[in-house]
Structure formats: structure tokens, C-alpha cells
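First the proteins, then the strands, lettered A, B, ... as listed; each starts at 1. Note that the structure is a prediction, hence the values are computed from the model and not measured.
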Number of protein chains: 2
Amino acid sequence: MPMHHASEILLSLFVIFVAAQIGAEIAQRLRLPGVVGEIAAGCAIGPSALGWVTPNEPLEVLSEIGVVLLLFAVGLETRLDDLKRVGRSAFLVGVLGVAVPFALGTLWAHGSGFAWDKSMFVAAAFVATSAGITARVLQELGALRRTESRVILGAAVIDDILAMLLLGVVVSLQGGGELQLGNLLVVLGEAVGFVAVIGWVGTRMMRRGSAWLDRPIHPLSPLTVVLALCLGLAFLSTEFGLAAIIGAFLAGMIASESRQRETLEHQTQPLLALMTPFFFVITGTKVDLALLGSREALLMLAVVTGIAIVSKLLGGFLGALGLGPRAATIVGMGMVPRGEVGVVIASLGLAAGVFTNQVYAVIVAMSLLTSMITPPALAWLLRRSPEPRVVPPS
Amino acid sequence: MPMHHASEILLSLFVIFVAAQIGAEIAQRLRLPGVVGEIAAGCAIGPSALGWVTPNEPLEVLSEIGVVLLLFAVGLETRLDDLKRVGRSAFLVGVLGVAVPFALGTLWAHGSGFAWDKSMFVAAAFVATSAGITARVLQELGALRRTESRVILGAAVIDDILAMLLLGVVVSLQGGGELQLGNLLVVLGEAVGFVAVIGWVGTRMMRRGSAWLDRPIHPLSPLTVVLALCLGLAFLSTEFGLAAIIGAFLAGMIASESRQRETLEHQTQPLLALMTPFFFVITGTKVDLALLGSREALLMLAVVTGIAIVSKLLGGFLGALGLGPRAATIVGMGMVPRGEVGVVIASLGLAAGVFTNQVYAVIVAMSLLTSMITPPALAWLLRRSPEPRVVPPS
């Protein structure tokens, strides 16, 4: 790497890392989750404010590694059996958490003048929950073992599968295309099969015995082996049309069945300390503050964000009502953050000429706003709700 | 990041990481340092063999972070006082380790038909030692506390300063340019000043008290603070014309004066396990095996590599002779690897039309060959030489 360039990228890394630490510190002193501070720091140093850091390809890759490691660590604190116990609730939350936002999003888009097929495309960008933000809040508050957390994590997997299917449907509907039900079933089967086979076979194999994890000469061999598994499954899940974090989460869940689980949890902490700030700060740098200048756009953003929050909260709430209204509210809130997947769908819509630039910018801003609103709201809800010590069967 | 792209980069990360583990495992079972296996693995999966991975910008950045963290960890195991004790030897090794390769390199280049000014440019690419490879071998063998290791690390800092100056000299001499002695003195003063001030003030401040490292709320706060220091000094040292790893090494040395040193060493291990494979594998992917096809190039490569090894070994040996011939041989061998700096100088020479493509390729290959030859040779020398328990004053 030419030296001058190395210098530039090192400066970016330094600025991002320090901004994240300062942001998290301030947020936590204000009794907010640290992640809020990290995203806000990104917003401050990003192109639309101070302009010290502009997202580029290497930073995107670091950010991706950061969120992959985060979901791996979350998986490491999750047992398959615990997920199974909340399976029914998680399934309902996943399904309703997709159906309600999609329905409300379609109605809003049609009401704003889009044709039905295009309205469904717009609505598809409303759907996908991004588990990264919620997972980080739950982890920060030590709440990963609560029933609500397990429902959220299980639902996030189902949500991701459904969002991917929905995208397939709306893309094929554009321009009067015909819906290929057979293809969709194949896609659904592959995704469900991937998650089920990896989750089930992987955890089984790990339970049988994990002595082989220690076999390599490398002094940190259990860690290096499971990191390889994490990267491998993250890649594989993208090949099945799912988000990389789903594979990383599965890898963590598999590793959590090993005897070395505690060592692994311990060794993963420094990796998170180094890498996750890149994800949250880079997320923040993408907020386009200029958008807040036009009153029309601001209004549209308020409406879209409102629909996005209310619809997801409602879907999640209804799905988890079996756990009682308080827990259901926590679950609903945990499903609110939208992330990259919504942005990716919006980019597709922009490229296909379905959206205007403004609708695109509003959807991106909505994704980020939901990510910024969730952490304090979720922390508040969790703190005032008593922690159930036992996981009840659902 | 578009999903398809995320998929591609995740596959590269997975392939690189797994190749590194397999390579290291095989090398260690053959009683070779793991790093040899990682470089060889890179060579195997790189463009000139299997072609599974091609270096690109994100991978270069990961590789840079990897070597920066490695030198930070090495600094963490190094005390300033121990370096001072070997100061005279380190200084001599640094100076002679630059002078001898530069002199022999200039003679060879002139003998091969280059004009004197261009010969000095070629020779400049022979000079700079890259501490990364040696540091890794010393760390793998648990030899970082040996006197020879301290001499090598101290000499690497001096070597880097001198190499930077030399580059300034030869560039200004091209095309009959005039040597600006004043400018060079300023450059020298800045670099020496940077290292001295940061090294001296930093370690002093840390010795006075390191309780402030624990003050942030972050549960891993000593680590996050020193990682910020590491990135910051890595950046700063590039601003002073030095390699990023010099700043990272200083940051580690400063952190080694803190009370939390052992915790930090412990927490740095997983970071190295994740990131350093990228440095060594990416280094390996740059070996151009096609070069070995032409007999003429192969001969030139053998001669250039021979000169590079013998001259550095001789310079280091003479400089460290005060420690006895065995220790001096270890020090000389430890200085042999050339790295990015030589490649950067060669790129400059290529861009300035001083070198042909072939000379460029040969110099790049020489850098890599020295990096591959050093680990087994150094490991062999260290194993057969008894380890002195006390660091003698130099």
C-alpha cells in the first residue's frame, strides 16, 4: 500500500475509533446505551456535518466485519434449546412483524400516488429488521438471557427469511412480471433449509464433542476455529440470500454448545471492542442531515418513520402478546430498527427507477432514525420491566 | 454495502483466514514457524497460483491493521529501559544495517549498467528492514525478552529513520538534482524528535500513573484507550515519514509501562489471532511465481536476494559483534526481511522510469524471499543458541 494512502486510512481509523469511544462515553454518562453515542458520533464526523470521514470500501468492510462479530458474540450467548422454547412466539413475531409494516407501507405508498406494484416495492424497504442495533443494546444491558431477547433473536432470523422472499416477490411483480410461485418456494425452501440444517446439525455435532476445537497448534485454537466457522457461515448465508449476520449468529449459537464457550466469550470481547465501533460509526456517517433542510422532505420523513415504527411495534406486539403486554412491547420495540437490507432494497428501487431520489433518501434516513430511536426506548422499557428469572415455555 | 459484494468479500476473508490456519498448522508440524505457512498459504491462493484471492484495497487495509496490531503487541512486551540498555548495539546495527546493503546494492546496480544516481535509487530499495516478520517469529518462539530481540527492535526503529532519509537523498539526486542538506536535517530532526519525544514523554506519563486508563465506562476501557493510542501514533508516525508500525510499536511500549500491562497483553491476543493472518497471507499473495519462469530473471533474483541477505546479515553482525558472534548472527538474521518500504521505493522508481518492470518485479520478489527465508533461519539460530537469562549492559 502506498505510504500516503496508508496515512489517510490510518487517520480515518483513528478518528472513527476515538469518536466512537467519546460518543459512547457521553451517551453512557447520560444513562443512554453507548451505541446511541457511537451512531451520533458517526453522524457528527460524517460528510453531512464535520466531514472528517467519508464511508469508502475499506471502511464498509470493517463495518461488515464488526457487525458479523457482534452477531457471532450474541449467538455465543444463545442456546438453541432456549430459542426453541420461544419458537411459537418468535415465529408469530417474525411473520406479523413483516406483514403489518408491509401492509401499512403499501397503503401509504399507494396513498402518496404510487401504482400498486411500485407501492409494494416501496413497502418492501419498510420490512427488514436489522438485528445488530437491538442485539448490541441487549448485550450492553446484560439482557440477552431474557425471554424477550430470545424471541427477538428468533424472530430476526424468520424476519430475514421473509424479507428476502418479499423482495423476490415485489421485484418479479415490477413491470407486470408474473409471479413464479415455484421459484419462490425453492428460495424459501433453501433459506429455511440452510438455517435449519446448519442450526440443527451444527449444534448437535458440537454437543457430541468439542475436543477437536483444541487440536490445532495455535495457542488460541478454539477461537481461530470458530472464527473460521463464523466467516464461513456468514458467507454461506449470503449465498442463500440471507444477511451475513444470520450466518454469524448461527456460528455463535453452534459455538455456544462447546465446552470452551466461556473462554470463547471472553476472547470475543476484545474483538468486539476493536471492530464494532466501525459498524455503528459508519452507520452514523450515512445520515444525510441536509435532508432535514427541506420542509416537504422532513414531513415525509416524519410520516415514513412514524409508519415504520408503529407498524413494526404493532406487528411485534401482536406476535408476542402471549408473553404479556409488557414483554410484547419490549419485543415490538426490539424489532423496530431497520438496517442495511432496507437500504439495499431502496437502492434497487432507485436503480430500477421505481423511486425518486427523495424517496430513496427518506427511506435511508428512516432506517437510520429507527436505529437511533430504538436503543434509548428499548433501554428504558427494559429497565422499568422486572426481569423474569425463568424462561417460560411458549 | 450491496449484498452481492458483501458476499464476495466475506468469501475472501474466509478463504484467507482458513488458508492461514492450515498453512500455520502444517508449518508448525514441520517444526517451522507458523508465519512461514501463512505466507506460503498466501502464495498458494494468490493470483499467480490458485487465483482464489487477489489483493484489493479492503484487504490491504486489513493487512495494515494486522501488522500495526502485531507491532503494538510486540511493543507491549518491550520496556523502554531494556531498549536503552542495548542502545549502543541497536544504534550500530541500525546504521551498519543500512550502510552495508546500500553500498553493496549501489555497486551491484552500477555493475549491471545503471548510472551512479540511478544505482543509488535501486540500492535504496535494498535497505529498509521490515520488523513485522521478525517480530512475529520472536513472539512465536517466546524470545521477545532476549537481548538479541531488543537489539533487533531498537535497530528496526533506527533503520526506519535512516531508510526514510536515504530515500529523501536518492530522490533529490535524480536527474542531477541538488542535495538539500538543510531539508534533510529537518526531516531527520523531525523523525528523531518524534520517536524520542513520544517514547520518552509517553512512557514517563504512563509510569506516573495509569489509573486514568480505567476511567471510561467501557468494560474493556484500558484496551480501548490504548488501541486509540496505537491507531493515533501509527498515523502520526506516517506523518513524520516513518512506517506506521513504528508508531504502533511506540504505543505498545508506552502501554507496557502501565499497571494493566498483563490484562492488555491478554486482551491483545485475540486481536492478533483475527487480524495478523491477513498481513502474512496478503504478503504471500504478492509473490509473482511467473517471474520464476524466465531464466534471466531467476538469475537476477538469485543475485539480488543473495546481496540483500548477505549485506544485511553482515551489517547487523558487525553492529552487534559486542554481544558475541552467536548473538550477532541472530541479530543480523533478524534484520534480513525487507517489506513494504522496499516495495514502495521500487514503485517510486518504476513510476519515475528509473527501473524497468523486470527490476521492479525482482525487487518485490527479493523482499518476499527475504521474508520467507528469515523465519526458519531465525528459528533455527534461536533454538541452537542458549538463552541468556540476564540482559547485559551494552
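Under the 3.5 Å distance criterion, the side-chain polar atoms of A:T285 are left unmatched by any main-chain donor or acceptor of A:P55. Between the side chain of B:D160 and the backbone N or O of B:A243 there is at least one donor-acceptor pair closer than 3.5 Å. Of the possible donor and acceptor atoms, none in the side chain of A:D159 sits under 3.5 Å from a partner among the backbone N and O of A:A128.
A salt bridge links B:K286 to B:E60: at least one charged side-chain nitrogen sits closer than 4.0 Å to a carboxylate oxygen.
Looking at B:L220, the atoms closer than 4.5 Å to chain A (heavy atoms on both sides) all sit in the side chain, from C-beta outward. With a 4.5 angstrom heavy-atom cutoff, A:Q267 touches chain B via backbone and side-chain atoms both. For A:L272, no part lies under 4.5 angstrom from a heavy atom of chain B. Contact of A:L223 with chain B is made through the side chain alone, with heavy-atom distances under 4.5 Å. Only the side chain of A:L62 comes within less than 4.5 Å of a heavy atom in chain B; its backbone stays farther off. For A:L13, the parts lying near chain B are the backbone and the side chain together; criterion is any non-hydrogen pair under 4.5 Å. A:A234 touches chain B through backbone and side chain together, each having a heavy atom under 4.5 Å away. With a threshold of 4.5 angstrom between heavy atoms, A:L69 approaches chain B through side-chain atoms but not through N, CA, C or O. With a 4.5 Å cut-off on non-hydrogen atoms, B:Q21 touches chain A through its side chain but not through its backbone.
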Apply side-chain contact (heavy atoms from CB on, under 4.5 Å) to B:V137 and B:V35, showing your working. CA-CA 7 Å; B:V137 176; B:V35 63; 3.9 Å; yes
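Across every non-hydrogen atom of A:I254 and A:I198, the tightest pair is CD1-O, 3.6 Å. Considering all non-hydrogen atoms of both residues, B:E64 and B:A244 come closest at OE2-CB, 3.4 Å.
No other option in B:L227, B:T224, B:V18 has as many heavy-atom pairs under 4.5 Å with chain A as B:T224. Ranked by heavy-atom pairs under 4.5 Å with chain A, the first of B:S221, B:A228, B:A273 is B:A228. With chain A as partner, the option from B:E140, B:H266, B:H218, B:M275 having the largest number of non-hydrogen pairs under 4.5 angstrom is B:H218.
Classified by interplanar angle (parallel below 30°, tilted 30° to 60°, perpendicular above 60°), the ring pair B:F278/B:F17 is tilted.
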